[in-house]
Structures are given as structure tokens and as C-alpha cells.
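Please read all numbers here as calculations on a predicted model, not as lab measurements. To find a chain, count down the sequence lines: A is the first, B the second, and so on, and within it residues start at 1.
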Amino acid sequence: MTARTSDESQPAGGARYEPAELERGWQRRWEQDALYATPDHVEGRENWYALTMFPYTSGDLHIGHWFAMAPSDAAARFRRMQGYNVLFPMGFDAFGLPAENAAIRGQIHPRDWTMANIERMRGQLKRMGAMFDWRRELNTSAPDYYRWTQWWFLQLYRQGLAYRAEAPVNWCPSCNTTLANEQVVDGACERCDTAVEQRRMAQWFFRITRYAEQLLGHEGLQWPEYVKLMQRNWIGRSEGAEVSFALERPAPDGTAEIRVFTTRPDTLCGVTFMVLAPEHPLVEQITTDAQRAAVRAYVEATKHATEIERQSTEREKSGVFTGAYSVNRITGERVPVWIADYALLTYGTGAVMGVPAHDQRDFEFARRFALPVRVVIAPPGWDGAPLVEAYLGPGVMVHSGRFDGLPNEQGKGAIAQYAELEGWGGPRIAYRLRDWLISRQRYWGAPIPMLYCEQCGIVPVPEQQLPVELPYDVEFRPTGQSPLALSERFVRTSCPQCGRAARRETDTLDTFMCSSWYFMRYADPHNRERAVGDQAAQNWLPVDQYTGGSEHATMHLLYARFFYKAARDAGLVPGDEPFTRLFSQGQILGPDGRRMSKSRGNVVAPDAQVEHWGADAFRAYLMFLGPWEQGGPYDVDGIVGVSRWLHRLWALITQPPRTVAAPVAESIHGPLLAQPPRPVAAAVAESPRELRRLAHRTLQRVTSDLEHFQLNTMIAALMEMTNGLQRLRDAGPVDAAAWEEGTRLLLLMLAPSCPHLAEELWAQTGRPYSIHQQPWPAADPELARRESVEIAVQVNGRTRGRLTVAADADEAAVRAEASGHPAVRDLIAGKTVERVIYVPERLLNLVVR
RNA sequence: GCCGGGGUGGCGGAACUGGCAGACGCAGCGGACUUAAAAUCCGCGGCCGCAAGGCGUGGGGGUUCGAGUCCCUCCCCCGGCACCA
């Protein structure tokens with residue numbers, strides 16, 4: 001076919017479907033008309049906040065972004081057509097390491113790199129044809145955004161939720177920065193897979209653990225169960241007790257006890273040793289001279305071990321005796337105090353009571369070092385023989401003095417209470433969740449708005465002085481120290497309290513902090529006085545529908561919930577939770593079924609797909625692939641099916657059938673006149689009903705599918721309807737009014753998934769701009785109803801024939817007709833019909849003997 | 001190891017609440033149109049079998065008139081957690 005030059009935005013009817021031209025034309029028009037600008041309030045419309053996770057500014061939109069965003073857009077458009085005032089914003093998660101690494105590698109400033117990427121990605125996003133309100137675009141690296149990120153830091157600091165502490169932290173030697181616990185995967189850096197080391201450093205933390213209990217509750221949230229479960233597991237709540245053991249000889253600093261957390265207070269009398277984490281502050285103090293050398297060597301070795309080495313459960317237990325002893329407060333017994341790296345400083349109290357008989361780890365430790373094993377929970381039928389492994393099951397308490405004879409489950413509470421009564425412990429709850437480490441020793445992030453004054457110590461930067469701007473001129477050297485530390489101009493400042501010389505904090509904020517509140521800023525993106533104004537927050541928060549990848553289940557989604565709760569406690573936002581509904585789409589894979597990556601050579605570039613097939617076809621195909629929550633491989637050959645469908649649809653609308661029920665010409669474009677009754681052929685007389693049934697049945701399916709994000713079956717339903725209309729058209733003359741109604745519904749249903757084509761065909765058939773401002777049609781169940789249905793006739797559960805009967809036929813009638821069916825008649829001849837099961841519109845089953 | 005999710009044609013997948021398994025597509029085969037090809041259109045298509053019929057939703061067992069769907073058990077794949085006391 002020769003290339004045809006046409007009016008870009010309004011090709012003439014009957015022309016060939018040229019998606020690329022047509023889509024650009026409508027995108028321009030929508031932008032000119034600000035069709036998708038969302039006011040804060042529209043009289044008579046309820047607000048609906050639909051949000052899809054914003055992209056990191058990596059430089060290119062990849063297929064995963066399309067897979068996440070295009071269906072989200074369809075859902076948002078559907079809500080809009082349903083009458084909501086829908087906010088569907090877009091922005092850029094623009095701070096982060098890759099920008100800085102690019103700077104180190106190749107002579108480009110992180111800001112320039114990022115800004116260029118944003119330019120590029122904005123263009124790619126616009127090509128998607130989504131209803132993003134670009135007036136609310138965010139860039140987390142812009143001073144007028146990170147100013148408020150810094151403000152949030154100060155806000156949390158005021159609330160006592162931000163603190164600086166020296167603690168062992170996760171250090172990635174490749175990224176040259178610390179990492180939050182959530183960024184360590186299997187002991188390695190989430191970003192670069194390098195083994196993580198432990199370093200002791202003074203760092204800033206958020207006290208997310210204070211909200212552990214609240215974060216555990218997901219009441220009222222319409223979230224996937226598995227995401228809630230992942231969060232619960234991550235938070236890891238354990239009920240137990242804290243118990244103190246007296247030190248035989250108090251430490252030099254006066255400490256006279258070792259406190260431990262245990263989930264098994266019932267086994268307290270089975271303690272035969274104690275274990276401190278090697279980093280535990282008591283270690284240095286209680287170690288005897290005789291043991292000092294060995295202890296120091298062990299502590300040193302632990303320091304150098306990576307997290308992978310330390311956390312391996314395969315490894316044999318190791319440890320060293322400190323020479324010190326502690327005393328069991330119940331039994332009065334003296335037990336040795338060891339250090340071992342299976343005790344973790346950051347969980348519980350950093351110390352463990354060793355009960356080898358009832359804890360497998362303690363058992364292995366005791367066996368390795370020939371420590372005694374004492375059974376205090378008798379396994380049922382136990383004859384007193386030595387254990388070959390720890391006994392973890394229920395039983396009766398023995399060798400436990402006054403608690404002997406108690407079932408151990410009761411013993412847990414009894415001992416915890418006893419400890420409380422005696423003042424050396426009590427019931428406690430421990431969480432696996434750690435406080436959120438937010439300091440990063442890198443340049444491209446929001447500077448932490450804090451100062452260190454010789455006189456006043458740690459001083460927050462006054463709010464009026466925000467933002468603490470990132471200086472442009474810095475040296476990028478991966479030294480393990482923030483590049484900001486090398487910039488004297490940045491560092492040197494004066495104390496706002498006393499005016500003396502002060503130094504700025506040179507670490508920057510974890511970029512997860514930028515994304516913990518961005519959804520609030522969309523509600524009020526240009527506010528110069530507040531992060532988000534009260535009215536804007538009331539208008540839009542919380543987010544009604546959030547969509548994004550499940551890889552953020554325990555990071556972004558947990559952090560954002562923490563932020564929101566802290567904001568709520570400060571009276572800044574309504575409700576308790578930021579995201580009322582969450583839908584997590586799956587991951588899109590390469591055609592080979594593996595994760596897309598350049599090294600595997602299985603990357604499919606969305607730009608090329610869009611160029612070749614058009615945004616509408618690409619959007620629809622991503623929806624058609626399969627269940628959205630599942631993701632799956634992207635088959636480059638499959639999209640042709642969707643493209644063919646859109647071409648057929650184009651032909652269907654631009655080449656309408658011969659119609660009856662005149663006047664024909666007006667009935668398509670103008671208002672419909674009442675249909676004069678006139679004799680027509682039987683086939684034509686039947687067609688309006690059939691056509692309307694098809695249209696309204698499809699409308700029922702599509703409406704329900706959109707409500708449930710079942711977009712694959714939605715596309716299938718639209719294809720079926722297109723095929724059906726095609727068949728009706730090709731069969732002969734069609735009723736004009738029914739055709740008009742059917743095609744109108746089809747285009748309206750197409751609008752969420754293929755907004756350009758729907759708009760084009762809507763315009764070509766003379767309907768008023770814009771289809772995206774039309775209300776979603778209501779299905780008429782009466783029209784959707786089937787009058788006759790095919791049912792299966794079974795004999796003893798096996799299908800032997802089919803019958804077409806009236807949909808509301810009663811059992812007797814169907815049975816009578818079935819008995820006349822030859823195959824059925826032969827099978828029931830001479831037998832007794834014992835039972836008849838009739839499922840209307842489905843089947844008739846005759847049970848015979 | 002523990003906790004989730006999942007195994008359906010050659011492929012992606014469909015199947016409301018236990019009711020005709022394989023919708024809708026891709027690839028394939030046959031045909032029409034064409035000088036030819038592409039594109040398009042029509043038709044076929046789970047497996048075995050000439051047919052009648054039989055067998056089929058990871059394997060085995062069960063409940064039921066009837067099981068992809070419910071119960072028991074085993075296998076495999078994916079995700080999360082894992083020395084958290």
C-alpha cells in the first residue's frame with residue numbers, strides 16, 4: 001500500500017487505520033484542550049485518586065512500566081467515565097545512585113543526567129496516551145520538592161521519630177554507602193548483589209519500630225492477602241518474656257545483669273549457658289583476663305565476616321567462653337557466659353539464654369562445646385534418655401521446682417508473671433523489624449537538614465532555611481564518604497541557635513524517603529507554604545486505588561504506611577492508611593520466560609512496539625496477555641492478533657452494513673427517529689434483538705472485568721463482540737437503530753483500553769468530542785437476557801446430546817424433549833430413571849439404573 | 001526448613017457459587033483471492049481410534065448424579081522468610 005498523506009488528527013472516513021499518525025493527532029488535541037487536567041473539586045462528582053507507582057529516572061521507559069501503567073490508566077479512565085473526578089498523576093523518582101555512578105563513569109553531572117532522562121521519559125510517557133494530569137508532575141530531585149522531603153525529616157524529628165545513633169550498619173562496599181535492612185537481600189546489596197559488611201557508624205534512623213504494632217494491622221485495607229502477609233512476616237511479631245540473669249561479678253560500669261528475650265520462658269530452668277552477641281557492650285567488660293585474647297580474636301573475626309557468611313545456617317556453630325558466669329534467678333544456678341555470632345545484637349536484647357534441650361540452635365551449640373543438656377519439658381512417654389535433637393513440642397514441666405507438673409503452655413505465662421512479680425523480667429513482645437536507617441554517604445539525594453555545632457551539639461536546620469540545597473559543583477569520588485563532605489562551602493555554616501561555627505550533616509536521605517510521601521504532594525503540587533495543604537489532603541487523601549509492583553511490599557509500601565501514620569499523628573492527613581486499595585501487577589518477562597536483561601539479550605523495547613503497532617494495540621496486548629497480577633512472558637508474535645482485531649474494528653465502523661428501518665443516513669449520525677413498523681425478512685427481524693443482546697451482554701462482562709482488573713477477559717469480550725457484529729453485518733441488512741446502539745456501546749467500552757482509536761472512530765461517526773467525557777453506559781439486563789439456550793443432556797453424568805430450549809423452560813418440558821432425543825432414548829430404554837437433576841440454562845442429568 | 005501462590009492443547013490463557021473443559025488469541029494445517037508473495041477472508045483443529053467409542057485439567061486416592069473447581073496424599077515450579085532466641 002502506498003503511503004497516504006492525510007490530515008493528521010482527523011483522517012477521512014474509510015481511510016486505512018494508521019495508528020501512529022492518528023494517536024499523535026489526538027494526543028496533541030487532548031493536550032491543547034487540557035482534557036485530563038483534574039480540578040480539586042467538581043460539583044456533583046466524587047473525587048477518586050488513582051495512582052500508579054512513579055518511575056525511577058533510569059533514562060528509558062521499559063516494558064514493565066507500560067505493563068504497570070497502561071492497565072492502571074484503563075482503570076482510571078473507567079472510573080472517570082463512571083462519573084468520578086479522577087486524579088491520575090505522574091512524576092519522577094529522580095534521586096538515587098545510578099545518576100551518581102553515571103557521573104563517576106562519564107563526565108556528566110547527576111543533575112544533568114537526571115534532567116535529560118526526565119525529558120526523554122516524559123516524551124515516552126506521553127506516547128502512552130494515558131490520562132495523566134501533567135500539571136501536577138513531580139520531580140523528587142527538584143529543590144521545591146526535596147525542600148519538603150527535608151521538612152518531613154524535621155517533622156519526624158520533632159515527633160521523636162528521627163534519631164542519630166552509632167550502631168552496626170549494613171555497608172555495601174561496592175555502592176560505598178550504608179543500606180537499610182530492607183535493602184539487604186540474602187546478605188547482599190539489593191542493587192548490586194555485593195556481599196554486605198557490618199560497620200559501626202553514627203547514622204540517622206527513623207523509629208519505624210514504634211509503629212510495628214500498628215503496621216501489623218491492615219484493617220479496612222483492600223490489599224492482596226499475600227502482600228499483607230509479607231509485611232506481617234517482615235515485622236515478625238514474637239510474644240515472649242524478658243528475663244534477667246544476675247552477673248556473678250558486676251561489670252566495671254556497674255551493670256549487674258544480662259537481660260535476654262525469650263519466646264520460651266517455660267524453659268528457663270533448662271538454661272545451661274548464656275550467649276551474648278559478639279558486639280554486645282558487656283563483652284569487653286565481663287571477659288576475664290584468661291579469656292581476653294580468645295574473645296578479642298573472635299570479635300575481630302566476626303567483624304570481618306560478611307552477612308552471607310554470618311547468616312548461613314549450614315555453618316557449624318562457633319563461639320568463645322568469656323570466663324564470666326551468670327546466675328539463674330529461679331534455680332540459683334551458675335551458668336557460663338559465652339559469645340557466639342548466632343546471637344544478633346539488633347534483635348531482642350542482643351543476648352540469648354541457652355536451652356539446648358528445647359532449642360535446636362542451642363542444642364547444636366551445646367554439642368559443639370560439650371555443654372550440658374537439661375530436659376525441662378518432658379516429651380510424652382519420655383524415659384529420661386538423652387535427646388538426639390532439641391525437643392520443641394508440648395509437654396509437662398520437669399526439673400523446674402515449683403512449676404513442675406504444669407503443662408508448658410501454661411508455664412510460659414506463669415514464669416513470665418513470676419518474673420514480673422519478682423522484678424527481674426516480665427512478658428514482652430519482640431519484633432523482627434528494625435529501625436529504618438536513612439543516612440546515605442552519597443551526593444545525589446536530599447541533604448539531611450541537620451547541623452553539628454561545637455556549642456549546641458545536634459541542631460535542626462530551621463524550617464525557613466529549607467531547602468538545604470545540593471551544591472552543583474562537587475567532586476564525585478567513590479570514597480565511602482559523601483561527596484558533600486569534600487565541599488567546604490557546603491559544610492561550613494553557622495549555628496542558628498548560637499551563631500557559632502557549625503558543620504552541616506553531609507549524608508543524604510535514603511531515596512525511599514522521597515517516595516514515602518510523593519502521593520501526598522500530587523494533591524497539592526504547587527503549594528509553597530506547605531508540603532500538602534489541609535484542604536488538598538481532605539480532597540484527595542488517602543489514595544483510593546494504588547497499583548504497582550509487589551517488589552515494594554516490604555519497602556516502599558511499609559515506609560509509606562509509617563510516614564502516613566506519623567503524618568496522621570501530627571494532624572496533617574485524614575485516615576490511618578495511605579492506600580485504601582492496592583493491586584500488585586506481576587512481572588513482565590522476556591519472550592524466553594526469564595527476567596528481561598541486557599546481558600540475556602531478551603529485552604523488548606516498548607518504543608519499537610509502539611512505533612510498529614501503535615500505542616493502542618500495545619496497551620491492549622499488555623492487557624490481553626493474561627491475568628494482570630500474574631505477569632508473564634512477552635510474546636512478540638502475539639501482538640499481531642490484537643492489531644488485527646483493531647483493524648477489523650476500524651473496518652467494521654468505517655464500512656457499516658446496509659441497514660433497514662429508514663431513514664438510513666440519519667440514523668447513524670443524527671438523533672434516531674421512532675422506528676416505523678415495516679415488514680422485513682425474517683433474518684433481519686431477528687437481528688436487532690440478537691445484536692442488542694450481544695451488546696448488552698458484552699457490556700455486563702466488560703463492566704465487571706474492569707471493576708476487577710480482569711483486563712485479559714475484557715479484551716477477549718470486546719473481540720468477541722467485534723466478531724459478532726462482523727458476522728451480523730456480513731449476513732445481510734441490519735437494523736439501523738440496533739447497529740447504532742451496538743457500535744456506540746462498543747466504542748465506549750473500547751475507550752479505557754484504546755483511547756485513541758475509540759476517540760477517532762467516535763469522531764468519524766459524527767459523535768461529539770470527546771468520547772472520554774461520556775458517561776459509562778448501563779447494561780440493560782432485560783436486553784442481555786438470552787431467550788433460548790443450549791443445554792447438555794446427560795445420562796449418568798455423561799453428556800449424550802444437546803438440546804436448544806427456552807431459557808426459562810421448566811424441568812418437565814426439558815425432560816419430555818430429552819426423552820425424544822435418539823441417543824438418550826436408546827440409553828434409557830428399559831431402565832428406571834431414579835433421579836433427575838435439572839440445572840436451568842446448563843444441563844439435564846438423568847440417573848438411570 | 002517454614003509461610004504464600006501456582007501446575008489446563010504446540011504456546012499465552014478462559015471456565016460465575018461443584019454443572020457441556022479448552023472462550024479469546026498466537027503458532028499450525030486446508031481453501032479463496034493473487035502472475036506470485038504479503039495482507040485479507042473462509043474453514044479445521046485436546047489425545048487415541050477407520051469408526052463406534054474411549055481417554056483427558058501435575059501423579060495417586062476420596063466425596064458427589066456430576067470435580068479443573070471440594071477433601072486427603074505425593075511431585076514439580078514461582079515468590080517471601082530463614083541462626084530473629
Counting side-chain heavy atoms from CB outward, which of [options] is closest to [X]?
X: A:R798; options: B:rC55, B:rC83, B:rA23; result: B:rC55
X: A:L229; options: B:rG4, B:rC83, B:rG25; result: B:rG4
X: A:Y226; options: B:rG13, B:rA85, B:rG4; result: B:rG4
X: A:Y342; options: B:rC83, B:rG13, B:rC24; result: B:rC83
X: A:F624; options: B:rC83, B:rG12, B:rA85; result: B:rG12
X: A:R835; options: B:rC55, B:rG25, B:rC65; result: B:rC65
X: A:A343; options: B:rC83, B:rC24, B:rA85; result: B:rA85

Counting any heavy atom closer than 4.0 Å, what does A:S238 reach on the DNA or RNA strands: base, sugar-phosphate only, or nothing?
sugar-phosphate

What does [N] pair with, Watson-Crick or G-U, if both distances are under 3.5 Å?
N: B:rC50; result: none
N: B:rA32; result: B:rU40
N: B:rG1; result: B:rC81
N: B:rC24; result: B:rG12

To the nearest Å, give me how far apart CZ (A:F261) and P (B:rC83) are.
17 Å

What is the separation between atom CD on A:E629 and atom C1' on B:rA14, rounded to the nearest whole Å?
14 Å

Looking only at side-chain N and O atoms, does A:N602 offer a donor or acceptor that is under 3.5 Å from a partner on A:R595?
no

A:Y621 versus A:Q609, side-chain donor and acceptor atoms under 3.5 Å
no

Using 30° and 60° as the class boundaries, would you call the ring planes of A:H552 and A:F512 parallel, tilted or perpendicular?
perpendicular

What string of B, S and - do you get for nucleotides 15-21 of chain B 5' to 3' if you count protein non-hydrogen atoms under 4.0 Å?
-B--BB-

